Engineer: 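One structure, pasted below without further comment.
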There are 2 protein chains.
Amino acid sequence: MNAAPLLAYINKYISLTEDETELLLSKIVYRKYLKNQYIVQQGDVCRHEGFITSGCTKMFYIDANGQEHIVMFSIEDWWVSDMGSFITQTPADYHIQCIENTELIQFSYETIEGLYLEIPKLERFFRKIVERSIVAFQKRIVRNFSLSAKERYLVFKKNYPNIEQRIPQYMIASYLGITKEFLSKIKSQLILEQ
Amino acid sequence: MNAAPLLAYINKYISLTEDETELLLSKIVYRKYLKNQYIVQQGDVCRHEGFITSGCTKMFYIDANGQEHIVMFSIEDWWVSDMGSFITQTPADYHIQCIENTELIQFSYETIEGLYLEIPKLERFFRKIVERSIVAFQKRIVRNFSLSAKERYLVFKKNYPNIEQRIPQYMIASYLGITKEFLSKIKSQLILEQ
DNA sequence: AATAGATGTTAAACTAGGTTAACATCATTT
DNA sequence: AAATGATGTTAACCTAGTTTAACATCTATT
């Protein structure tokens with residue numbers, strides 16, 4: 001495993017000196033998970049923030065009726081954590097489970113807090129990526145209100161063309177907020193429309 | 001107008017020295033808007049981040065059918081900006097309009113960027129508040145999927161008890177993602193259930 | 001090759017929430 | 001006091017999406 005993708009990603013937002021890069025690399029912990037393993041479980045405290053170098057995960061929530069609702073998928077170059085749990089170090093609301101065998105770089109809460117003190121620039125880096133992420137969530141809220149299920153599916157396909165083939169359809173349905181049966185109906189409608 | 005609420009708010013996350021506080025105060029611009037005035041308009045670049053000291057605003061989006069969808073309300077001690085527009089300095093997707101006469105403390109893009117350099121601790125402050133904000137948005141997405149309209153209304157009432165009286169119901173309906181007629185129906189059902 | 005488990009499809013009956021339209025109430029302006 | 005505009009309610013009818021259930025397909029394991 002190697003840290004190049006993480007360094008490249010960080011360098012899109014800030015520039016680290018050689019010393020800072022070395023310090024960061026010295027803190028890196030690699031971790032491998034198999035398909036179906038849990039990175040975080042609802043109720044546990046999320047102790048790490050992870051940067052995916054390969055694989056794919058889903059973050060989801062089980063509602064009062066036992067139904068699964070997928071909040072987000074993460075693939076290479078994305079971060080995984082239950083942020084609410086991580087920042088407050090209290091029990092997680094969500095599960096994060098691997099959809100494929102997944103390799104990631106993990107930073108524990110203590111490591112990240114230490115790095116913020118040693119490399120203050122990292123505060124800027126994380127501020128920026130979280131800001132971007134907020135914008136994406138806001139857009140998703142708007143889409144969920146103003147678009148029909150079919151339109152949301154088309155937006156999903158356009159925004160995540162490479163993710164669709166890697167994920168079973170019933171999970172995509174859950175992400176879109178519809179049943180797998182209805183997604184199936186939408187897909188057959190789209191085929192007829194061509 | 002005074003900056004005490006902002007300083008108190010910032011001090012919940014970081015502690016500023018006297019010099020830093022003074023520097024921050026020297027950059028402060030107060031701004032008053034009347035009810036119905038726009039702070040940001042869809043299509044304009046959002047040039048400021050504002051901290052509300054009094055009043056109430058809505059951030060909304062007009063969809064392809066001309067329908068208004070409210071993304072969030074903001075009141076005292078909350079921030080207002082179209083974050084997507086602000087961080088990239090490109091045209092805004094949303095309108096932000098005052099529901100009441102509103103007073104706020106404004107920071108221009110240039111001022112904030114300057115302050116980040118002069119008071120690096122502010123990066124930490126904003127990192128922390130955006131992290132909190134993301135958690136709230138995630139929860140909202142989950143609620144929108146897993147709760148019925150009636151349940152969402154009850155959660156809204158519980159989470160924002162003091163906001164409800166200040167805002168017309170048709171706006172609350174828009175925030176909840178339902179029509180005003182259906183909210184009206186929900187309310188009469190709730191009265192009958194008592 | 002057979003079985004089991006996971007995934008995907010189809011269709012009929014149902015329901016949460018939308019649409020339309022008419023009316024009620026309240027506040028503001030003249 | 002009347003008129004206007006903004007807000008809220010009610011009810012009949014409609015539709016997007018759900019539920020249930022049966023079946024189809026694919027993959028992995030024995």
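Quick caveat, the model's predicted, so the values are computed rather than measured. In what follows, chains are A, B, ... by sequence order, proteins preceding strands, each numbered from 1.
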Engineer: Quick one, give me the B/S/- string for nucleotides 3-19 of chain D, reading 5' to 3', where B means a protein heavy atom under 4.0 Å from the base and S means that only happens at the primed atoms, P, OP1 or OP2.
Structural biologist: ----SSBB------BBB
Engineer: With sequence neighbours left out, write down each residue that passes salt bridge (Lys or Arg N to Asp or Glu O under 4.0 Å) with B/E151, or none if nothing qualifies.
Structural biologist: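 B/E151 satisfies salt bridge (Lys or Arg N to Asp or Glu O under 4.0 Å) with no other residue.
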Engineer: Would you list the protein and nucleotides 28-30 of chain C atom pairs, both N or O, that sit under 3.5 Å from each other?
Structural biologist:
none

Engineer: Expressed as a whole number of angstroms, how long is the span from A/Q189:CD to C/dT10:P?
Structural biologist: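 Distance check: A/Q189 CD to C/dT10 P gives 11 Å.
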Engineer: Could you label the plane-to-plane angle of the A/Y160 and A/W78 rings as parallel, tilted or perpendicular, counting under 30° as parallel and over 60° as perpendicular?
Structural biologist: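 Rings of A/Y160 and A/W78: tilted, as their planes differ by 30° to 60°.
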Engineer: Not counting sequence neighbours, which residues clear salt bridge (Lys or Arg N to Asp or Glu O under 4.0 Å) with A/K128? List them please.
Structural biologist: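 Residues passing salt bridge (Lys or Arg N to Asp or Glu O under 4.0 Å) with A/K128: none at all.
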Engineer: For A/H95, give me all partners under ring pair (Phe, Tyr, Trp, His ring centres under 6.0 Å), at least two apart in sequence or on another chain.
Structural biologist: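 Partners of A/H95 under the ring pair (Phe, Tyr, Trp, His ring centres under 6.0 Å) test: A/Y38, A/F60.
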Engineer: Run the side-chain donor-acceptor check on residues 50-58 of chain A: report pairs under 3.5 Å with partners two or more places apart or on a different chain.
Structural biologist:
residue: A/T53; atom: OG1; partner: A/E103; partner atom: O; Å: 3.1
residue: A/K58; atom: NZ; partner: A/E68; partner atom: OE2; Å: 2.8

Engineer: Write out all pairs satisfying ring pair (Phe, Tyr, Trp, His ring centres under 6.0 Å) with one or both partners inside residues 119-143 of chain A, taking only residues at least two apart or from two chains.
Structural biologist: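 Qualifying pairs, neighbours excluded: A/Y9-A/F125, A/Y13-A/F125, A/W79-A/F126, A/Y116-A/F126.
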Engineer: With sequence neighbours excluded, tell me which residues meet salt bridge (Lys or Arg N to Asp or Glu O under 4.0 Å) with A/R124.
Structural biologist: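 Checked A/R124 against salt bridge (Lys or Arg N to Asp or Glu O under 4.0 Å); matches are B/E113, B/E123.
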Engineer: Taking atom CD of B/E18 as the centre, report whether more than 12 heavy atoms of other residues, nucleotides or ligands fall under 6.0 Å from it.
Structural biologist: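 At most 12 heavy atoms, drawn from other residues, nucleotides or ligands, come within 6.0 Å of this atom.
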Engineer: Does a side-chain heavy-atom distance below 4.5 Å link B/L122 with B/L24?
Structural biologist: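 Yes, at least one pair of side-chain atoms sits under 4.5 Å.
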Engineer: What base-paired stems does DNA chain C take part in, with at least 3 consecutive Watson-Crick or G-U wobble pairs and both distances under 3.5 Å?
Structural biologist: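 Listed by first number, the stems are C:1-30 with D:1-30.
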Engineer: List for me each residue that meets salt bridge (Lys or Arg N to Asp or Glu O under 4.0 Å) alongside B/K185, sequence neighbours excluded, and say none if there are none.
Structural biologist: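 For B/K185 there are no salt bridge (Lys or Arg N to Asp or Glu O under 4.0 Å) partners, ignoring immediate neighbours.
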Engineer: Between the protein and nucleotides 23-26 of chain D, which nitrogen or oxygen pairs are less than 3.5 angstrom apart?
Structural biologist:
none

Engineer: Is the shortest heavy-atom distance from the side chain of B/K32 to the side chain of B/N101 under 4.5 Å?
Structural biologist: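 No, their side chains stay 4.5 Å or more apart.
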Engineer: Kindly write out the residues that satisfy side-chain contact (heavy atoms from CB on, under 4.5 Å) with A/A136, not counting sequence neighbours, or none if the list is empty.
Structural biologist: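 Counting only residues at least two positions away or on another chain, A/A136 forms no side-chain contact (heavy atoms from CB on, under 4.5 Å).
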